[in-house]
Amino acid sequence: MVTSKDVAVDESAPVQDLGSTEVTAPSVSGVAVSGTDYMEIRPAAWEGRGLSATEILSSLSGVQGYTQGGMGSFQTVSIRGIAARNVLICIDGMPLNDAGGGAADLGAIDLNNIEKIEVYKDRTPAKYGGSGVGGVINFVSKSAIKASRVPSGRVFASVGSHNTFEGSAQVSANVTDSVQFSATASMRHSDNDYEFDNRNGTLYNDEDDFKDRRKNAEFTEYSGNIQYRMLHGGGFFSTLSGNVMHTEAGNPGTEDLQTYVAKFTGDMGQLSYRLEFPEYFDCLLIESGITGRFEKNSSESYYPLDKIGYLSKDFKVLGLAGYRAMPEVSATLYRGNLEAFLRLAGSAENWEARGPAQDFSLNRYTGSVAGNVEYAFTQWFSLLAEGNVLKSIDDIDGGKFQMTTGAALISDATERDLSWAGMVQAKLGKKDSWIGGSASFGRFYRQPQLMELYGMYPGTLSNPALKDESALKFAAGLYLSTPKQRSVFRATYFETHAENGIYWLISTNMMKAFNIDKSVIRGVELELDSRPVDFFQTVLRATIQDPRDDGLSKAYNGNLLPGEPVHSYYAEGTVFLPLHLSSTVSMDYRSRIYSDRMNFTRQPPVAHYNASLAWQPWNKTRLVFAVNNISDETYRNIFTPYPTPGREYKFTIIQGF
C-alpha cells in the first residue's frame with residue numbers, strides 16, 4: 001500500500017537539499033503530481049513489478065517509451081512529441097547525455113539505486129541549467145538525509161524469466177551527531193534469451209518464418225552509490241557523494257545475422273561535493289559544489305567480423321572515453337511573497353577515442369547563468385519568470401578523425417554564439433486547493449553535441465556549421481479535486497513549434513548530421529487519480545496528440561513525426577485485500593507509429609497487460625509476484641529488428657531492518 005509518506009511534491013519549496021520535499025498531493029502507485037507539469041515517482045511504482053525505467057516513465061501522460069529488447073537494452077523516452085535526444089536525463093542533477101549527441105540510455109539505470117524520479121514536462125528548470133527543449137528527467141539516488149542513529153536499511157532480491165536475477169542492499173545511519181552515512185550496492189543480470197519470430201531473411205514472405213531464440217544478448221551490471229553528510233561549525237553542511245557503474249553486455253545484432261562474440265562494455269564513475277551555507281538574513285540560502293565524472297564505452301564488432309574470424313582485436317574495438325568537471329554555485333532568496341533563484345555553472349569536458357580510430361581529442365568548455373523569479377500576488381495567483389544564457393567554446397586537439405573514406409583533418413572548431421532560453425508561467429490556485437492551473441510560454445534550445453559537430457566515430461562526417469535546435473512551447477493545464485482529494489482530475493493542452501531539428505542522414509555506410517525543417521506538435525493530456533474507497537485505487541491516463549512534420553519538402557510536410565503515436569492510454573487499478581495482500585493490474589496501449597519521415601515504415605498498434613500480487617506479512621517484509629506482458633505480445637514487422645520479450649515472470653522479496 002502506498003501512503004503519503006511514499007511521495008513528495010513541490011520543487012519550489014525553499015529547502016537546502018534537492019532531495020527533501022514535502023507532500024502536497026495524493027499518491028496512486030507511487031506517482032505524485034504538482035500542478036499539471038511536474039510529476040514525481042517513488043519506488044512503490046516499480047519495486048517488485050519487473051518494470052524498467054522506460055516502462056515506468058511511459059506510463060505517464062505525454063511520455064512515450066522505446067526499447068530494443070529486454071533488460072539492459074537501449075531504451076529512451078520522448079516527451080510531448082520532442083525526440084529523446086532533446087530530453088535531459090540526469091542523476092542527482094548531473095546530465096547523463098554524452099558527447100555522442102544521441103539520447104541517454106535509460107536501460108543502463110538500475111532503479112534499485114534510485115529513491116525517486118523527477119519529471120518536468122514543460123521546461124528545464126534553472127537548477128538543471130535551463131537549456132533543454134524536451135524537459136528533464138532526474139533520477140535521485142538514495143541518500144543519507146533520513147538516516148537515524150540506529151543503522152537501518154533493506155535487502156532486495158529478485159528472480160525471473162530468462163535467468164534474470166537482481167540484488168540490492170542499502171544501509172544508512174547517523175555515524176555521529178554530525179555525520180550521516182548511506183550506501184547502496186546493486187547488481188542485475190539477464191540472459192535475455194527470449195523467443196521471437198525469425199523471418200529467415202525474407203522480409204515479405206511469412207511462409208518460411210520460424211521460432212528462434214535470442215543469442216549473445218546477456219546483460220550484467222554492477223552499480224552502487226555512497227553519500228556522507230557532515231555538519232560543520234557555524235551551520236555549514238557538506239555532502240560528499242559518489243556513483244559507480246560497470247556494464248557488460250552481448251551485442252546480438254539483427255534477427256537473421258545474430259552474432260556470437262560481439263559485446264559492449266561500459267564504465268561510469270561520478271564524484272560530487274556540495275557545501276550548503278547557513279541561512280543568511282533569514283531569507284538567503286547559498287550552495288556551491290563541484291562534480292567530476294568519468295565515462296568509457298567500447299563495443300566489439302558486429303557480424304561479419306566475428307564470424308569470419310579476425311584476430312586483430314584493435315580492428316574490431318570501437319569506443320569513446322570522456323572526462324568532465326562541473327563546478328557550480330547557486331543562491332535562493334525568499335522574502336515575503338517573492339522567491340528568486342540564481343545558478344552560475346561551468347563545465348570542462350574532454351573526449352578521446354578508444355579502438356582503431358585515429359588519435360584525437362575534443363574539448364568543450366561551457367559557462368551558463370540560469371535563474372528564476374516567482375512572485376505571489378495573492379494566495380491564488382503567482383507569476384514565474386525563468387531564463388538561461390549559455391556560452392560554449394570547442395577546442396580540437398589533434399583533429400584527425402577516421403572515416404570510411406580515410407582520415408579527415410579538422411584544424412579549428414567553429415565559434416558558437418550565445419544561446420538563450422526564457423519562459424513565463426502563470427499559476428492559479430493556492431496550495432492544497434481543490435482547483436488550480438497554470439499556463440506557460442517560452443523559448444528553449446539545445447546546442448549540437450560534439451559528435452554531431454565533428455564526427456567522432458569512423459563513418460561519421462563532421463558538420464561544424466550546425467545550428468542550435470530550438471522550440472517555442474506553450475502549455476496550459478487545469479486540475480480539480482474532490483473533498484479530501486480522494487479523486488484528482490488533470491487536463492493539459494500543449495503546443496510546440498520546433499526549428500532546426502538535427503537529423504542524421506545516411507548514405508551508403510556514412511552518416512552526417514544536418515539541421516532540417518520544422519515540426520509542430522499539438523496535444524492534450526488527461527489524467528484521473530482516484531481512491532473512491534479504502535480498498536481500491538486507480539489511475540487513468542491518456543495522451544492525444546498531433547505530431548506533424550512542418551518541413552518545406554513536400555515529401556515530408558504533413559506527415560507524422562517518426563516514433564510518435566497519435567493516441568496512447570494507460571490504466572491501472574489496485575485492490576487492497578485482507579491479510580495484507582494487494583493486487584495491481586495495468587494496461588498500456590499505443591496506436592500505430594512510423595519509423596521514417598516518409599511514413600512508409602508503419603509499425604502496428606500494440607497493447608501490454610501487466611499484473612502483480614504483493615503480500616506484506618510483517619511491517620518490514622514484502623513479497624511480490626509479477627507477470628508482465630500477460631497476452632504474450634511479441635509484435636513483429638519487417639522494420640523492427642529488435643524483438644520485444646514475451647510473457648515474463650518475476651518473484652521479489654524486500655526485507656527492511
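Only heavy atoms go into these numbers, but all of them, side chains included; no hydrogens, no water, no symmetry mates. What you see is a predicted model, and the numbers here were worked out from it, not measured in a lab.
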Could you check whether any side-chain heavy atom of Ile89 comes within less than 4.5 Å of a side-chain heavy atom of Phe139, counting everything from C-beta outward? yes
Minimum side-chain heavy-atom gap Asn559-Tyr594 below 4.5 Å: no
Please check if the number of heavy atoms outside Lys391 that lie under 6.0 Å from its NZ is greater than 12. yes
Hits for ring pair (Phe, Tyr, Trp, His ring centres under 6.0 Å) against Phe294, two or more places apart or cross-chain, chain-then-number order -> Tyr323
With no hydrogens and no angle check, do the side chains of Glu221 and Thr247 hold a donor and an acceptor under 3.5 Å apart? yes
For Ser519, side chain to side chain donor-acceptor pair (under 3.5 Å) partners two or more places apart: none
Heavy atoms, side chains only, cut-off 4.5 Å: are Tyr556 and Ile516 in contact? no
Against Arg364, only a single residue in Asp395, Leu450, Asn350 fulfils side chain to side chain contact (heavy atoms under 4.5 Å, CB included); can you say which? Leu450
Go through the steps to decide whether Phe441 and Phe474 satisfy the test ring pair (Phe, Tyr, Trp, His ring centres under 6.0 Å), and finish with yes or no. CA-CA 4 Å; Phe441 176 78; Phe474 170 77; 7.1 Å; no
Distance alone, cut at 3.5 Å: any donor-acceptor contact between the side chains of His497 and Glu499? no
Are the side chains of Glu352 and Lys296 in contact, using a 4.5 Å heavy-atom criterion? no
Using side chain to side chain donor-acceptor pair (under 3.5 Å), reason through Tyr66 and Gln64 one step at a time and then give a plain yes or no. CA-CA 7 Å; Tyr66 310 90; Gln64 309 296 336; 5.6 Å; no
Applying side chain to side chain contact (heavy atoms under 4.5 Å, CB included), can you list everything that pairs with Ser141, at least two apart in sequence or on another chain? Asp92, Asn225, Asn243
How about CG on Leu552, more than 12 heavy atoms from neighbouring residues, nucleotides or ligands closer than 6.0 Å, or not? no
